[in-house]
Amino acid sequence: MSAVSDQLVTFAILAYLVAMIGHAVEYALGNVRAVSAAAPARELVGAGVGVAGGPVDAPATPAGGETRRSRSGQRARLAGRIAAWVTVLAAALHLGALVTRGIAADRMPWGNMYEFVLTVTWIGTAAWLAVLWKRPALRRLGLFLTLVMVLLLAFAELKLYVQVVPLMPALQSYWFIIHVSTIVFSSGLFLLGVVPAAAFLIRNGYEQGRRSFPYTLGRRLPAAAGLERLTFALHAFSFPIFTFAVIAGAIWAEAAWGRAWGWDPKETWAFISWVVYAGYLHARATPSVKRNVATWIAVLGFLTVLMNLFGVNFFFTGLHSYAGVE
């Protein structure tokens, strides 16, 4: 089953890559259509005269121009729909990899950093598909979501992969399921939440008239206000779960190590993440704080999550050294 899991991860990465290409095609064709539609149309050739001496009216658009734009729009929508369905396929393959990995290990597939990344990314994808089902107009965000999935899963395969091994004795507790499941779930939502957050910052700059890179990417993104509301909703939902996960970890630490908190590197960075995300929600609820400032705090929060996930495991040692990497 371990070999099946490995193959399913590879197929999932390829499916995410295909979905990313499909979303990129939708984005590119949408841009072409937008540029064509924005081209000024000549309505009257003032200097010319007809045979009867009257003004010569030029066609409002080039012959066939509207038809070409319509075809480009149809192709863009088709590419986007295909990309969405391929993302569903990728999520199914991804889930299959997790299930078979768990069966091979005879435990929940969260025992090391490789498995943790696989689970977090699947949670992010599943949450994205739920958002997409409710709000299809946000489909173009799929380009950024699938890009993140390809990068994280490829990194996990190349740098984090370990063979299936039994759970370490220190992790053999019912708190393992309670603590890690809530950390995984909230981290997956934070992963998804950073996508509309970054998209909002780009689109908001574009709406304010900025035309340098990366704000030019905002041309075909959804309206900034909707992206900002989605960012807040995802973080407001995941923050209480993350808070419970930190508390559950402290309770487990008291039972396992005889102290609830010891400023271990992972504990410290979990606390930093909690403070930053609490700061984001506070800033979001404060009318005097601009939305883009609050959103930057949310992005910073996700950077602290990445630091806790990757940086701590690679550069620090502590009681939480279960990553399985050197």
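The side-chain tip of R211 points at the ring of Y206 from less than 6.0 angstrom away and within 45° of straight on. Cation-pi contact between R284 and F232: present, with separation from the ring centre below 6.0 Å and deviation from the ring axis of at most 45°.
Every pair tested for salt bridge (Lys or Arg N to Asp or Glu O under 4.0 Å) that includes a residue from residues 178-198 fails, sequence neighbours excluded, so the list is empty. Residue pairs meeting the salt bridge (Lys or Arg N to Asp or Glu O under 4.0 Å) criterion with at least one member in residues 109-137, sequence neighbours excluded: R101-E115, R107-E115. Applying the salt bridge (Lys or Arg N to Asp or Glu O under 4.0 Å) rule to pairs touching residues 246-256 yields nothing, sequence neighbours excluded.
Within the model, atoms CD1 of I297 and CG of L281 stand 10.0 Å from one another, a figure rounded to the nearest 0.5 Å. A distance of 10.0 Å separates CG in L227 from CD1 in I202, rounded to the nearest 0.5 Å.
Grouping the Ile, Leu, Val, Met, Phe, Trp and Tyr side chains by contacts below 4.5 angstrom, directly or via other members, places Y174 with V180.
Between L141 and V195 the shortest heavy-atom distance is O-CG1, 4.1 Å.
Contact of the P196 side chain with the L234 side chain is registered, since non-hydrogen atoms from C-beta on lie closer than 4.5 Å. In this structure the side chain of Y27 reaches within 4.5 angstrom of the side chain of L217, judged on heavy atoms. In this structure, H94 and L153 have side chains that are in contact, with non-hydrogen atoms separated by less than 4.5 Å. The shortest side-chain heavy-atom distance between W274 and F239 falls under the 4.5 Å cut-off. For the pair F155 and F310, the minimum side-chain heavy-atom distance is below 4.5 Å.
No donor-acceptor contact under 3.5 angstrom links the side chains of T304 and Y277, judged on distance only. A donor-acceptor contact closer than 3.5 angstrom links the side chains of E157 and Y114.
Applying the 6.0 Å contact sphere to CZ of F11 captures no more than 12 heavy atoms from other residues, nucleotides or ligands. Residue-environment remark: CZ (F237) stays at or below the threshold of 12 foreign heavy atoms within 6.0 Å. W296 CH2: 12 or fewer foreign heavy atoms inside a 6.0 Å radius. Residue-environment remark: CZ (R139) exceeds the threshold of 12 foreign heavy atoms within 6.0 Å.
Taking the charged nitrogens against the carboxylate oxygens, R219 and E207 have no contact shorter than 4.0 Å, which rules out a salt bridge.
Listed by chain and residue number, nothing satisfies the ring-ring contact (aromatic ring centres under 6.0 Å, His included) test with F302 (two or more places apart in sequence, or in another chain). Partners of W261 according to the ring-ring contact (aromatic ring centres under 6.0 Å, His included) rule, which considers only residues two or more places apart in sequence or in another chain, are W263. With sequence neighbours left out, the side-chain hydrogen bond (donor to acceptor under 3.5 Å, both in side chains) criterion links N204 to no other residue.
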